[in-house]
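To keep things clear, I will list the structure first and then write my remarks on it.
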Amino acid sequence: RAGTWHEVNVLPNPKLEPLDGKPSPHVDIYPPAYTDLPRSTLFPGTPVRLKVYEGSKIVLRAKADRELEEASLEIYLQKKQGEKADKADEPEAEEGKTVARVPAQRIPAEFEADRSTFRFTFTPPPNIDFANIHLRDAFGLKGDERLEITVERDPLPEIKVVHPSGPVVRVPDGEIKFKFRVSDEVFAIKSVFFEHHKRLKDGGLEPNTRKEIVIYSDDLQRDLFPLLLTRFSQAHTGNPLGRLAIPVAHQHALPALRLGKLTPKALDFETVWHLRNEFKPGTDLVLHVCASDFYDLDGNRGHGKSDPIIIKIISPRELTAEADADLREIQKKLKDIEDRQQKALDTVNAIKKLEKLTEQDKKNLIEAEQEQQAVQDAIGKTAEQGLRKDLKDLQQRLKDNNQTNSKAAIEAGKIKGTMDNIAQTKLPQIEPKLAEARNELQKSDENSPKAKKNLEQTAKLQNDVLKAIRELNEKTAPEAAIQ
(Lines give C-alpha, C1' and ligand atoms only; values in the text may rest on other atoms or scores of the structure.)
Protein backbone atom coordinates (compact mmCIF):
# COMPACT_ATOMS: atom_id res chain seq x y z
CA ARG A 1 0.00 0.00 0.00
CA ALA A 2 1.40 3.37 -0.95
CA GLY A 3 2.81 5.35 1.91
CA THR A 4 3.33 2.31 4.18
CA TRP A 5 6.36 0.16 5.01
CA HIS A 6 6.66 -3.24 3.34
CA GLU A 7 8.80 -6.13 4.61
CA VAL A 8 10.80 -7.69 1.80
CA ASN A 9 12.78 -10.95 2.20
CA VAL A 10 15.90 -10.98 0.04
CA LEU A 11 17.37 -14.45 -0.59
CA PRO A 12 20.81 -15.24 -2.01
CA ASN A 13 21.17 -17.70 -4.84
CA PRO A 14 21.11 -21.34 -3.73
CA LYS A 15 24.47 -22.95 -2.96
CA LEU A 16 25.92 -26.16 -1.57
CA GLU A 17 26.38 -26.71 2.14
CA PRO A 18 28.03 -29.48 4.22
CA LEU A 19 26.44 -32.91 4.09
CA ASP A 20 26.69 -35.18 7.14
CA GLY A 21 29.28 -32.85 8.61
CA LYS A 22 31.62 -32.99 5.59
CA PRO A 23 32.08 -30.60 2.67
CA SER A 24 29.62 -31.05 -0.15
CA PRO A 25 29.68 -32.67 -2.66
CA HIS A 26 30.70 -36.22 -1.67
CA VAL A 27 32.23 -38.13 -4.58
CA ASP A 28 32.44 -41.92 -5.00
CA ILE A 29 34.60 -43.05 -7.91
CA TYR A 30 34.21 -46.57 -9.30
CA PRO A 31 37.14 -47.24 -11.69
CA PRO A 32 36.51 -49.59 -14.64
CA ALA A 33 37.47 -53.25 -14.45
CA TYR A 34 40.56 -52.85 -16.68
CA THR A 35 42.25 -50.72 -14.02
CA ASP A 36 41.75 -53.27 -11.23
CA LEU A 37 41.53 -50.30 -8.85
CA PRO A 38 39.21 -50.16 -5.82
CA ARG A 39 36.42 -47.66 -5.29
CA SER A 40 37.49 -44.38 -3.70
CA THR A 41 35.51 -41.76 -1.79
CA LEU A 42 36.46 -38.09 -1.86
CA PHE A 43 35.21 -35.02 -0.04
CA PRO A 44 36.73 -32.32 -2.22
CA GLY A 45 34.40 -29.48 -1.25
CA THR A 46 34.30 -26.61 -3.73
CA PRO A 47 35.80 -25.95 -6.18
CA VAL A 48 35.68 -29.58 -7.27
CA ARG A 49 38.70 -30.95 -9.16
CA LEU A 50 38.64 -34.63 -10.11
CA LYS A 51 41.01 -36.84 -12.10
CA VAL A 52 39.60 -40.23 -13.15
CA TYR A 53 40.46 -42.98 -15.61
CA GLU A 54 38.38 -43.40 -18.73
CA GLY A 55 35.27 -45.46 -18.05
CA SER A 56 35.06 -44.55 -14.35
CA LYS A 57 31.57 -44.22 -12.88
CA ILE A 58 31.09 -41.25 -10.57
CA VAL A 59 28.37 -40.98 -7.92
CA LEU A 60 28.15 -37.40 -6.69
CA ARG A 61 25.97 -36.67 -3.64
CA ALA A 62 25.44 -33.12 -2.44
CA LYS A 63 23.21 -30.95 -0.27
CA ALA A 64 21.85 -27.47 -1.06
CA ASP A 65 21.14 -24.81 1.55
CA ARG A 66 17.36 -25.02 0.83
CA GLU A 67 14.74 -27.08 -0.92
CA LEU A 68 15.16 -27.12 -4.65
CA GLU A 69 12.72 -27.12 -7.49
CA GLU A 70 15.31 -28.50 -9.86
CA ALA A 71 18.95 -29.65 -9.96
CA SER A 72 20.89 -30.94 -12.94
CA LEU A 73 24.44 -31.80 -13.93
CA GLU A 74 25.57 -30.15 -17.13
CA ILE A 75 28.47 -31.71 -19.03
CA TYR A 76 30.45 -29.57 -21.47
CA LEU A 77 32.83 -31.05 -24.03
CA GLN A 78 36.19 -29.80 -25.21
CA LYS A 79 36.06 -27.80 -28.40
CA LYS A 80 37.60 -29.32 -31.47
CA GLN A 81 40.67 -27.64 -32.86
CA GLY A 82 39.64 -24.64 -34.95
CA GLU A 83 36.03 -24.65 -33.71
CA LYS A 84 34.73 -21.21 -32.78
CA ALA A 85 32.70 -20.44 -29.68
CA ASP A 86 29.91 -18.69 -31.54
CA LYS A 87 28.88 -21.59 -33.76
CA ALA A 88 26.18 -24.25 -33.58
CA ASP A 89 26.83 -25.38 -30.00
CA GLU A 90 25.82 -21.96 -28.63
CA PRO A 91 22.39 -20.26 -28.66
CA GLU A 92 21.83 -16.87 -30.18
CA ALA A 93 22.36 -14.05 -27.68
CA GLU A 94 20.18 -11.04 -27.21
CA GLU A 95 21.95 -7.78 -27.82
CA GLY A 96 24.14 -6.79 -24.87
CA LYS A 97 23.99 -10.23 -23.24
CA THR A 98 26.66 -12.90 -22.87
CA VAL A 99 26.32 -16.06 -24.96
CA ALA A 100 26.29 -19.20 -22.78
CA ARG A 101 27.60 -22.55 -24.01
CA VAL A 102 25.07 -25.29 -24.43
CA PRO A 103 25.96 -28.48 -22.54
CA ALA A 104 26.32 -31.67 -24.55
CA GLN A 105 24.46 -33.57 -21.83
CA ARG A 106 22.16 -32.57 -18.97
CA ILE A 107 21.56 -35.15 -16.21
CA PRO A 108 18.63 -34.57 -13.82
CA ALA A 109 19.26 -35.04 -10.11
CA GLU A 110 17.85 -37.85 -8.01
CA PHE A 111 16.36 -36.08 -4.97
CA GLU A 112 16.01 -37.46 -1.48
CA ALA A 113 12.90 -36.80 0.59
CA ASP A 114 14.03 -33.37 1.85
CA ARG A 115 14.42 -32.04 -1.74
CA SER A 116 17.71 -30.43 -0.71
CA THR A 117 19.86 -33.56 -0.84
CA PHE A 118 20.46 -35.04 -4.27
CA ARG A 119 22.82 -37.20 -6.31
CA PHE A 120 24.06 -37.73 -9.83
CA THR A 121 25.40 -40.97 -11.30
CA PHE A 122 27.38 -40.56 -14.50
CA THR A 123 30.44 -41.60 -16.49
CA PRO A 124 32.36 -38.59 -17.82
CA PRO A 125 33.23 -38.81 -21.53
CA PRO A 126 36.94 -38.76 -22.48
CA ASN A 127 36.61 -35.34 -24.13
CA ILE A 128 34.89 -33.63 -21.19
CA ASP A 129 35.89 -30.01 -20.67
CA PHE A 130 34.09 -29.38 -17.38
CA ALA A 131 30.77 -30.06 -15.63
CA ASN A 132 28.39 -27.75 -13.82
CA ILE A 133 25.93 -28.41 -11.01
CA HIS A 134 22.93 -26.21 -11.75
CA LEU A 135 20.51 -25.40 -8.91
CA ARG A 136 17.08 -23.68 -8.98
CA ASP A 137 14.78 -23.12 -6.04
CA ALA A 138 11.02 -22.50 -5.85
CA PHE A 139 11.52 -18.74 -6.29
CA GLY A 140 13.43 -19.21 -9.52
CA LEU A 141 16.76 -18.28 -7.98
CA LYS A 142 19.65 -20.11 -9.56
CA GLY A 143 23.09 -21.25 -8.44
CA ASP A 144 25.96 -23.02 -10.16
CA GLU A 145 28.98 -24.99 -8.95
CA ARG A 146 31.68 -25.82 -11.51
CA LEU A 147 33.40 -29.22 -11.53
CA GLU A 148 36.83 -29.61 -13.16
CA ILE A 149 37.08 -33.21 -14.37
CA THR A 150 40.07 -34.67 -16.18
CA VAL A 151 39.70 -38.08 -17.83
CA GLU A 152 42.95 -40.03 -18.17
CA ARG A 153 43.19 -42.45 -21.09
CA ASP A 154 45.20 -45.62 -20.61
CA PRO A 155 48.12 -45.34 -23.05
CA LEU A 156 48.99 -48.20 -25.37
CA PRO A 157 51.91 -50.44 -24.38
CA GLU A 158 55.28 -49.41 -25.79
CA ILE A 159 57.58 -51.79 -27.67
CA LYS A 160 61.26 -51.11 -28.26
CA VAL A 161 62.96 -53.61 -30.57
CA VAL A 162 66.71 -54.00 -30.07
CA HIS A 163 67.19 -56.78 -32.63
CA PRO A 164 66.69 -57.01 -35.53
CA SER A 165 67.55 -53.37 -36.08
CA GLY A 166 66.76 -53.31 -39.80
CA PRO A 167 65.44 -55.37 -42.72
CA VAL A 168 65.93 -59.13 -42.48
CA VAL A 169 66.86 -61.54 -45.29
CA ARG A 170 66.23 -65.24 -44.71
CA VAL A 171 66.01 -68.52 -46.60
CA PRO A 172 62.81 -70.56 -46.09
CA ASP A 173 64.29 -72.71 -43.32
CA GLY A 174 66.15 -69.86 -41.59
CA GLU A 175 65.54 -68.39 -38.17
CA ILE A 176 65.10 -64.84 -36.86
CA LYS A 177 66.32 -63.78 -33.45
CA PHE A 178 64.37 -61.13 -31.61
CA LYS A 179 65.28 -59.01 -28.63
CA PHE A 180 62.82 -56.41 -27.42
CA ARG A 181 61.22 -54.75 -24.41
CA VAL A 182 57.49 -54.29 -23.80
CA SER A 183 56.34 -51.81 -21.17
CA ASP A 184 53.06 -50.46 -19.87
CA GLU A 185 53.71 -48.24 -16.90
CA VAL A 186 50.03 -47.72 -16.01
CA PHE A 187 48.00 -50.93 -15.95
CA ALA A 188 50.42 -53.67 -17.00
CA ILE A 189 50.75 -56.05 -19.92
CA LYS A 190 48.08 -58.56 -20.88
CA SER A 191 49.60 -60.18 -23.96
CA VAL A 192 52.53 -59.95 -26.36
CA PHE A 193 52.44 -61.35 -29.89
CA PHE A 194 53.90 -61.14 -33.37
CA GLU A 195 51.61 -59.92 -36.14
CA HIS A 196 52.72 -60.39 -39.72
CA HIS A 197 51.31 -59.88 -43.20
CA LYS A 198 52.56 -60.65 -46.66
CA ARG A 199 53.69 -57.52 -48.48
CA LEU A 200 52.77 -56.65 -52.04
CA LYS A 201 55.30 -55.33 -54.55
CA ASP A 202 53.90 -51.80 -54.17
CA GLY A 203 54.57 -51.93 -50.43
CA GLY A 204 50.95 -52.50 -49.40
CA LEU A 205 49.71 -55.43 -47.34
CA GLU A 206 48.21 -58.43 -49.10
CA PRO A 207 44.59 -58.94 -47.94
CA ASN A 208 43.71 -61.92 -45.74
CA THR A 209 47.33 -62.79 -44.94
CA ARG A 210 47.44 -61.57 -41.32
CA LYS A 211 48.77 -64.13 -38.87
CA GLU A 212 49.42 -63.89 -35.16
CA ILE A 213 51.95 -65.72 -32.97
CA VAL A 214 51.36 -65.42 -29.23
CA ILE A 215 54.52 -64.97 -27.16
CA TYR A 216 53.13 -64.08 -23.75
CA SER A 217 49.61 -64.21 -22.33
CA ASP A 218 48.15 -63.22 -19.00
CA ASP A 219 45.75 -66.14 -19.33
CA LEU A 220 48.58 -68.49 -18.38
CA GLN A 221 50.98 -68.21 -15.49
CA ARG A 222 54.00 -66.15 -16.48
CA ASP A 223 56.51 -68.82 -15.58
CA LEU A 224 54.51 -71.66 -17.16
CA PHE A 225 53.90 -70.20 -20.62
CA PRO A 226 57.50 -70.22 -21.92
CA LEU A 227 57.91 -73.79 -20.67
CA LEU A 228 54.82 -74.91 -22.58
CA LEU A 229 55.99 -73.23 -25.77
CA THR A 230 59.40 -74.86 -25.53
CA ARG A 231 57.87 -78.30 -24.99
CA PHE A 232 55.48 -77.85 -27.93
CA SER A 233 58.39 -76.85 -30.15
CA GLN A 234 60.49 -79.82 -29.11
CA ALA A 235 57.57 -82.11 -29.85
CA HIS A 236 57.32 -80.61 -33.38
CA THR A 237 53.68 -79.70 -32.95
CA GLY A 238 54.04 -76.80 -35.36
CA ASN A 239 54.62 -73.99 -32.90
CA PRO A 240 57.02 -71.64 -34.71
CA LEU A 241 58.92 -70.54 -31.61
CA GLY A 242 61.71 -73.00 -30.98
CA ARG A 243 63.16 -71.11 -28.01
CA LEU A 244 61.60 -68.46 -25.82
CA ALA A 245 63.65 -66.86 -23.08
CA ILE A 246 61.66 -66.30 -19.90
CA PRO A 247 60.74 -62.59 -19.74
CA VAL A 248 62.44 -60.68 -16.94
CA ALA A 249 60.87 -57.63 -15.27
CA HIS A 250 63.34 -54.97 -14.26
CA GLN A 251 63.37 -53.95 -10.62
CA HIS A 252 61.83 -50.58 -11.36
CA ALA A 253 58.84 -52.29 -12.96
CA LEU A 254 58.15 -55.29 -10.77
CA PRO A 255 54.94 -57.20 -11.56
CA ALA A 256 51.85 -56.61 -9.44
CA LEU A 257 49.35 -59.18 -8.20
CA ARG A 258 46.08 -58.98 -10.11
CA LEU A 259 43.28 -61.43 -9.42
CA GLY A 260 45.80 -64.10 -8.51
CA LYS A 261 47.98 -63.47 -11.55
CA LEU A 262 51.25 -61.67 -12.12
CA THR A 263 50.80 -58.58 -14.25
CA PRO A 264 54.20 -57.20 -15.24
CA LYS A 265 54.68 -53.59 -16.27
CA ALA A 266 57.89 -54.29 -18.20
CA LEU A 267 59.11 -57.46 -19.91
CA ASP A 268 62.37 -58.14 -21.74
CA PHE A 269 62.20 -60.83 -24.42
CA GLU A 270 64.80 -62.82 -26.30
CA THR A 271 63.24 -65.35 -28.64
CA VAL A 272 63.77 -67.08 -31.97
CA TRP A 273 61.30 -67.55 -34.80
CA HIS A 274 62.06 -70.70 -36.81
CA LEU A 275 60.55 -70.22 -40.28
CA ARG A 276 60.50 -73.95 -41.11
CA ASN A 277 59.74 -73.48 -44.82
CA GLU A 278 56.42 -71.76 -44.14
CA PHE A 279 57.18 -69.10 -46.78
CA LYS A 280 58.42 -69.51 -50.33
CA PRO A 281 61.34 -67.57 -51.86
CA GLY A 282 60.17 -64.23 -53.17
CA THR A 283 57.82 -63.65 -50.24
CA ASP A 284 58.09 -60.35 -48.41
CA LEU A 285 56.65 -60.01 -44.90
CA VAL A 286 55.85 -57.05 -42.69
CA LEU A 287 56.09 -57.97 -39.02
CA HIS A 288 55.19 -55.97 -35.91
CA VAL A 289 55.84 -56.88 -32.30
CA CYS A 290 52.52 -56.13 -30.62
CA ALA A 291 51.26 -55.87 -27.05
CA SER A 292 47.88 -55.40 -25.44
CA ASP A 293 46.88 -54.28 -21.95
CA PHE A 294 43.67 -54.71 -19.96
CA TYR A 295 41.79 -51.76 -21.48
CA ASP A 296 38.46 -53.07 -22.84
CA LEU A 297 36.24 -50.03 -23.45
CA ASP A 298 36.91 -49.48 -27.14
CA GLY A 299 37.26 -52.44 -29.46
CA ASN A 300 38.72 -50.19 -32.18
CA ARG A 301 41.52 -48.84 -29.98
CA GLY A 302 43.99 -51.43 -31.27
CA HIS A 303 47.18 -52.43 -29.52
CA GLY A 304 50.74 -51.23 -29.09
CA LYS A 305 52.95 -51.87 -32.11
CA SER A 306 56.64 -51.71 -32.83
CA ASP A 307 57.99 -50.14 -35.98
CA PRO A 308 57.57 -52.52 -38.93
CA ILE A 309 60.24 -55.14 -39.50
CA ILE A 310 60.62 -56.11 -43.18
CA ILE A 311 61.47 -59.77 -43.80
CA LYS A 312 62.54 -60.89 -47.27
CA ILE A 313 62.53 -64.61 -48.07
CA ILE A 314 65.12 -65.66 -50.67
CA SER A 315 66.37 -68.97 -52.03
CA PRO A 316 69.63 -70.58 -50.84
CA ARG A 317 71.10 -69.85 -54.28
CA GLU A 318 70.27 -66.15 -53.90
CA LEU A 319 71.82 -66.16 -50.45
CA THR A 320 75.00 -67.70 -51.84
CA ALA A 321 75.15 -65.10 -54.58
CA GLU A 322 74.71 -62.28 -52.05
CA ALA A 323 77.41 -63.76 -49.82
CA ASP A 324 79.70 -64.05 -52.84
CA ALA A 325 79.14 -60.37 -53.65
CA ASP A 326 79.83 -59.39 -50.05
CA LEU A 327 83.05 -61.40 -50.01
CA ARG A 328 84.19 -59.74 -53.24
CA GLU A 329 83.60 -56.33 -51.68
CA ILE A 330 85.48 -57.39 -48.54
CA GLN A 331 88.35 -58.61 -50.73
CA LYS A 332 88.55 -55.17 -52.39
CA LYS A 333 88.70 -53.49 -49.00
CA LEU A 334 91.35 -55.94 -47.86
CA LYS A 335 93.51 -55.15 -50.91
CA ASP A 336 93.17 -51.42 -50.19
CA ILE A 337 94.24 -52.03 -46.60
CA GLU A 338 97.28 -53.96 -47.84
CA ASP A 339 98.28 -51.06 -50.11
CA ARG A 340 97.92 -48.52 -47.29
CA GLN A 341 99.92 -50.67 -44.92
CA GLN A 342 102.68 -51.08 -47.51
CA LYS A 343 102.85 -47.31 -48.00
CA ALA A 344 103.07 -46.63 -44.26
CA LEU A 345 105.78 -49.30 -43.85
CA ASP A 346 107.86 -47.96 -46.77
CA THR A 347 107.90 -44.48 -45.24
CA VAL A 348 108.95 -45.74 -41.80
CA ASN A 349 111.68 -47.95 -43.32
CA ALA A 350 113.05 -44.97 -45.26
CA ILE A 351 113.06 -42.60 -42.27
CA LYS A 352 114.60 -45.03 -39.80
CA LYS A 353 117.76 -45.20 -41.98
CA LEU A 354 118.32 -41.45 -41.93
CA GLU A 355 120.75 -39.80 -39.55
CA LYS A 356 119.24 -36.37 -40.05
CA LEU A 357 115.72 -35.39 -41.08
CA THR A 358 114.50 -32.55 -43.26
CA GLU A 359 111.14 -30.84 -42.81
CA GLN A 360 109.84 -32.92 -45.68
CA ASP A 361 110.95 -36.12 -43.94
CA LYS A 362 109.00 -35.05 -40.85
CA LYS A 363 105.91 -34.36 -42.98
CA ASN A 364 106.30 -37.79 -44.56
CA LEU A 365 106.33 -39.37 -41.09
CA ILE A 366 103.11 -37.56 -40.20
CA GLU A 367 101.54 -38.88 -43.42
CA ALA A 368 102.70 -42.40 -42.52
CA GLU A 369 101.03 -42.00 -39.15
CA GLN A 370 97.82 -40.94 -40.88
CA GLU A 371 98.02 -43.91 -43.25
CA GLN A 372 98.46 -46.21 -40.27
CA GLN A 373 95.40 -44.70 -38.61
CA ALA A 374 93.44 -45.28 -41.81
CA VAL A 375 94.48 -48.95 -41.73
CA GLN A 376 93.25 -49.30 -38.17
CA ASP A 377 89.95 -47.57 -38.95
CA ALA A 378 89.37 -49.72 -42.02
CA ILE A 379 89.98 -52.93 -40.08
CA GLY A 380 88.07 -51.70 -37.02
CA LYS A 381 89.27 -50.97 -33.51
CA THR A 382 86.32 -52.98 -32.17
CA ALA A 383 84.26 -55.84 -33.54
CA GLU A 384 81.49 -53.34 -34.31
CA GLN A 385 83.62 -51.21 -36.62
CA GLY A 386 85.11 -51.40 -40.10
CA LEU A 387 85.82 -54.65 -41.89
CA ARG A 388 85.41 -56.62 -38.67
CA LYS A 389 81.76 -55.53 -38.46
CA ASP A 390 81.16 -56.37 -42.13
CA LEU A 391 82.50 -59.86 -41.53
CA LYS A 392 80.55 -60.28 -38.31
CA ASP A 393 77.31 -59.30 -40.03
CA LEU A 394 77.99 -61.69 -42.91
CA GLN A 395 78.73 -64.55 -40.52
CA GLN A 396 75.57 -63.84 -38.53
CA ARG A 397 73.44 -63.72 -41.68
CA LEU A 398 74.81 -67.08 -42.81
CA LYS A 399 74.30 -68.54 -39.33
CA ASP A 400 70.70 -67.31 -39.19
CA ASN A 401 70.11 -69.09 -42.50
CA ASN A 402 71.72 -72.36 -41.40
CA GLN A 403 74.71 -71.82 -43.71
CA THR A 404 77.54 -72.09 -41.16
CA ASN A 405 79.27 -74.84 -43.17
CA SER A 406 79.07 -73.07 -46.52
CA LYS A 407 82.19 -71.93 -48.37
CA ALA A 408 81.18 -68.32 -47.80
CA ALA A 409 80.98 -68.86 -44.05
CA ILE A 410 84.35 -70.63 -43.98
CA GLU A 411 86.05 -67.85 -45.97
CA ALA A 412 84.47 -65.15 -43.82
CA GLY A 413 85.68 -66.99 -40.72
CA LYS A 414 89.28 -67.10 -42.02
CA ILE A 415 89.33 -63.39 -42.81
CA LYS A 416 87.68 -62.37 -39.56
CA GLY A 417 90.06 -64.48 -37.51
CA THR A 418 93.05 -62.71 -39.05
CA MET A 419 91.44 -59.26 -38.73
CA ASP A 420 90.59 -59.83 -35.07
CA ASN A 421 94.11 -61.00 -34.30
CA ILE A 422 95.71 -58.01 -36.03
CA ALA A 423 93.32 -55.55 -34.39
CA GLN A 424 93.84 -56.98 -30.91
CA THR A 425 97.61 -57.66 -30.92
CA LYS A 426 99.55 -55.64 -33.51
CA LEU A 427 97.71 -52.45 -34.38
CA PRO A 428 97.27 -51.15 -30.80
CA GLN A 429 101.09 -51.11 -30.42
CA ILE A 430 101.91 -49.30 -33.67
CA GLU A 431 100.13 -46.00 -33.12
CA PRO A 432 101.75 -45.07 -29.77
CA LYS A 433 105.25 -46.01 -31.02
CA LEU A 434 104.83 -43.89 -34.14
CA ALA A 435 103.56 -40.98 -32.04
CA GLU A 436 106.51 -41.28 -29.67
CA ALA A 437 108.98 -41.31 -32.57
CA ARG A 438 107.32 -38.25 -34.13
CA ASN A 439 107.42 -36.33 -30.85
CA GLU A 440 111.10 -37.18 -30.40
CA LEU A 441 111.96 -36.02 -33.91
CA GLN A 442 110.12 -32.74 -33.40
CA LYS A 443 112.73 -31.78 -30.82
CA SER A 444 115.67 -32.04 -33.23
CA ASP A 445 116.59 -32.82 -36.80
CA GLU A 446 118.87 -35.58 -35.53
CA ASN A 447 117.48 -39.09 -35.67
CA SER A 448 118.20 -39.97 -32.05
CA PRO A 449 118.75 -43.56 -30.83
CA LYS A 450 115.42 -43.39 -29.02
CA ALA A 451 113.57 -42.33 -32.19
CA LYS A 452 115.35 -45.01 -34.24
CA LYS A 453 114.37 -47.68 -31.71
CA ASN A 454 110.71 -46.70 -31.89
CA LEU A 455 110.85 -46.67 -35.69
CA GLU A 456 112.51 -50.10 -35.76
CA GLN A 457 109.81 -51.55 -33.48
CA THR A 458 107.10 -49.84 -35.53
CA ALA A 459 108.45 -51.26 -38.78
CA LYS A 460 108.56 -54.77 -37.36
CA LEU A 461 104.92 -54.58 -36.23
CA GLN A 462 103.87 -53.05 -39.56
CA ASN A 463 105.65 -55.81 -41.42
CA ASP A 464 103.83 -58.45 -39.35
CA VAL A 465 100.50 -56.82 -40.20
CA LEU A 466 101.38 -56.53 -43.89
CA LYS A 467 102.53 -60.16 -44.07
CA ALA A 468 99.31 -61.43 -42.45
CA ILE A 469 97.10 -59.38 -44.79
CA ARG A 470 99.11 -60.33 -47.87
CA GLU A 471 98.95 -64.04 -47.04
CA LEU A 472 95.24 -63.71 -46.44
CA ASN A 473 94.73 -61.99 -49.81
CA GLU A 474 96.74 -64.68 -51.58
CA LYS A 475 94.75 -67.48 -49.97
CA THR A 476 91.29 -66.02 -50.37
CA ALA A 477 91.54 -64.27 -53.75
CA PRO A 478 91.37 -67.47 -55.84
CA GLU A 479 88.31 -68.63 -53.95
CA ALA A 480 86.56 -65.29 -53.56
CA ALA A 481 83.87 -66.28 -56.03
CA ILE A 482 81.82 -68.86 -54.13
CA GLN A 483 79.88 -71.23 -56.31
Side-chain angles (χ1 to χ4, degrees), residues 326-394 411-481:
D326 289 345
L327 280 173
R328 287 181 182 276
E329 187 61 32
I330 288 170
Q331 183 68 27
K332 290 179 182 179
K333 292 180 181 180
L334 202 57
K335 186 64 175 68
D336 181 65
I337 292 172
E338 179 185 340
D339 293 342
R340 284 179 173 271
Q341 187 61 78
Q342 181 69 68
K343 184 177 180 181
L345 174 60
D346 289 345
T347 301
V348 171
N349 278 332
I351 292 176
K352 75 177 183 179
K353 298 175 183 178
L354 300 175
E355 295 298 330
K356 195 171 184 178
L357 276 69
T358 65
E359 288 301 317
Q360 184 59 50
D361 294 328
K362 293 178 181 181
K363 288 181 181 179
N364 291 343
L365 184 60
I366 292 174
E367 290 177 3
E369 194 174 1
Q370 293 171 344
E371 285 289 350
Q372 193 62 54
Q373 182 63 53
V375 168
Q376 188 166 26
D377 291 342
I379 291 176
K381 290 184 178 181
T382 72
E384 297 302 322
Q385 296 174 333
L387 201 59
R388 297 172 70 191
K389 183 180 188 307
D390 295 342
L391 289 159
K392 179 183 176 183
D393 291 344
L394 176 58
E411 290 302 315
K414 289 179 183 178
I415 300 172
K416 188 171 186 301
T418 300
M419 294 297 99
D420 287 344
N421 181 61
I422 289 172
Q424 293 167 5
T425 62
K426 304 294 183 181
L427 294 178
Q429 300 180 62
I430 295 175
E431 187 175 352
K433 290 186 180 300
L434 260 179
E436 191 174 347
R438 172 174 48 79
N439 291 333
E440 182 70 19
L441 292 171
Q442 292 294 334
K443 300 175 185 178
S444 170
D445 293 340
E446 300 294 331
N447 200 348
S448 67
K450 182 178 180 181
K452 285 186 175 181
K453 181 179 179 181
N454 279 319
L455 291 172
E456 287 283 356
Q457 293 174 343
T458 297
K460 183 178 185 307
L461 290 167
Q462 288 176 319
N463 190 64
D464 291 343
V465 170
L466 181 62
K467 182 180 178 182
I469 295 174
R470 183 170 291 158
E471 288 178 355
L472 191 60
N473 276 330
E474 291 172 354
K475 289 179 180 178
T476 58
E479 298 177 31

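Remember, predicted model here, so these are calculated numbers, not experimental data.
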Inter-residue atom distance [X].[atom1] - [Y].[atom2], 0.5 Å rounding:
{"X": "Ile422", "Y": "Leu461", "atom1": "CD1", "atom2": "CG", "answer": "11.5 Å"}
{"X": "Thr382", "Y": "Gln424", "atom1": "OG1", "atom2": "CD", "answer": "10.5 Å"}
{"X": "Lys443", "Y": "Lys450", "atom1": "NZ", "atom2": "NZ", "answer": "5.5 Å"}
{"X": "Ile415", "Y": "Gln331", "atom1": "CD1", "atom2": "CD", "answer": "6.0 Å"}
{"X": "Gln457", "Y": "Lys460", "atom1": "CD", "atom2": "NZ", "answer": "9.5 Å"}
{"X": "Leu441", "Y": "Ser448", "atom1": "CG", "atom2": "OG", "answer": "6.0 Å"}

- Could you tell me whether Lys453 atom NZ has more than 12 heavy atoms of other residues or ligands within 6.0 Å of it?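 Count not over threshold, so no.
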- Message: Does atom NZ (Lys343) have a neighbourhood of more than 12 heavy atoms from anything else shown, all under 6.0 Å?
- Response: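 Not buried by this count: 12 neighbours or fewer within 6.0 Å.
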- Test salt bridge (charged side-chain N to carboxylate O under 4.0 Å, His left out) on Asp336 and Lys332 and set out the steps. CA-CA 6 Å; Asp336 181 65; Lys332 290 179 182 179; over 6 Å; no
pair [X]-[Y]: side-chain heavy atoms closer than 4.5 Å:
{"X": "Ile469", "Y": "Thr418", "result": "no"}
{"X": "Gln462", "Y": "Val465", "result": "no"}
{"X": "Asp390", "Y": "Asp326", "result": "no"}
{"X": "Gln373", "Y": "Gln376", "result": "yes"}
{"X": "Lys452", "Y": "Lys352", "result": "no"}
{"X": "Glu338", "Y": "Leu466", "result": "yes"}

Could you check whether any side-chain N or O of [X] sits under 3.5 Å from a backbone N or O of [Y], counting only pairs where one atom can act as donor and the other as acceptor?
{"X": "Asn439", "Y": "Ala435", "value": "yes"}
{"X": "Arg388", "Y": "Lys416", "value": "no"}
{"X": "Asp361", "Y": "Thr358", "value": "yes"}
{"X": "Asn364", "Y": "Thr347", "value": "no"}

- Task: Please lay out, stage by stage, how Glu440 and Asn454 fare under the test side chain to side chain contact (heavy atoms under 4.5 Å, CB included).
- Result: CA-CA 10 Å; Glu440 182 70 19; Asn454 279 319; 5.7 Å; no
Which heavy atom of [X] sits nearest to which heavy atom of [Y], and what is that distance?
{"X": "Leu472", "Y": "Lys414", "result": "CD1-O, 4.1 Å"}
{"X": "Leu387", "Y": "Lys333", "result": "CD1-CD, 3.8 Å"}
{"X": "Arg340", "Y": "Glu371", "result": "NH1-OE1, 3.0 Å"}
{"X": "Ala451", "Y": "Ala437", "result": "O-CB, 4.1 Å"}
{"X": "Leu391", "Y": "Ala412", "result": "CD2-O, 3.9 Å"}
{"X": "Ala344", "Y": "Ala368", "result": "CB-O, 3.8 Å"}

- Item | Pairing of Lys335 and Asp339 as salt bridge, 4.0 angstrom limit |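 Judged by the 4.0 Å cut-off on N to carboxylate O distance, Lys335 and Asp339 do form a salt bridge.
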- Message: Using the rule given for side chain to side chain contact (heavy atoms under 4.5 Å, CB included), can you reason through Leu365 versus Leu434, listing the C-alpha separation, both sets of side-chain angles and the distance that settles it, and then say yes or no?
- Response: CA-CA 8 Å; Leu365 184 60; Leu434 260 179; 3.9 Å; yes
- Task: Let me know which of Lys362, Lys363, Arg438 forms a salt bridge (charged side-chain N to carboxylate O under 4.0 Å, His left out) with Glu369.
- Result: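 Going through Lys362, Lys363, Arg438 one by one, the salt bridge (charged side-chain N to carboxylate O under 4.0 Å, His left out) with Glu369 is satisfied by Arg438 alone.
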- Please walk me through it: do Glu411 and Lys475 pass salt bridge (charged side-chain N to carboxylate O under 4.0 Å, His left out)? CA-CA 10 Å; Glu411 290 302 315; Lys475 289 179 180 178; over 6 Å; no
- Message: For Gln341 and Gln372: C-alpha separation, side-chain torsions, deciding distance, then whether side-chain hydrogen bond (donor to acceptor under 3.5 Å, both in side chains) applies.
- Response: CA-CA 7 Å; Gln341 187 61 78; Gln372 193 62 54; 2.9 Å; yes
- For side chain to side chain contact (heavy atoms under 4.5 Å, CB included), just list the numbers for Asp464 and Thr425, CA-CA rounded to whole Å, side-chain angles, deciding distance to a tenth of an Å, and then say yes or no. CA-CA 11 Å; Asp464 291 343; Thr425 62; over 6 Å; no
- Does the pair Val375 and Ile379 meet the rule for a side chain to side chain contact (heavy atoms under 4.5 Å, CB included), with working shown? CA-CA 6 Å; Val375 168; Ile379 291 176; 4.0 Å; yes
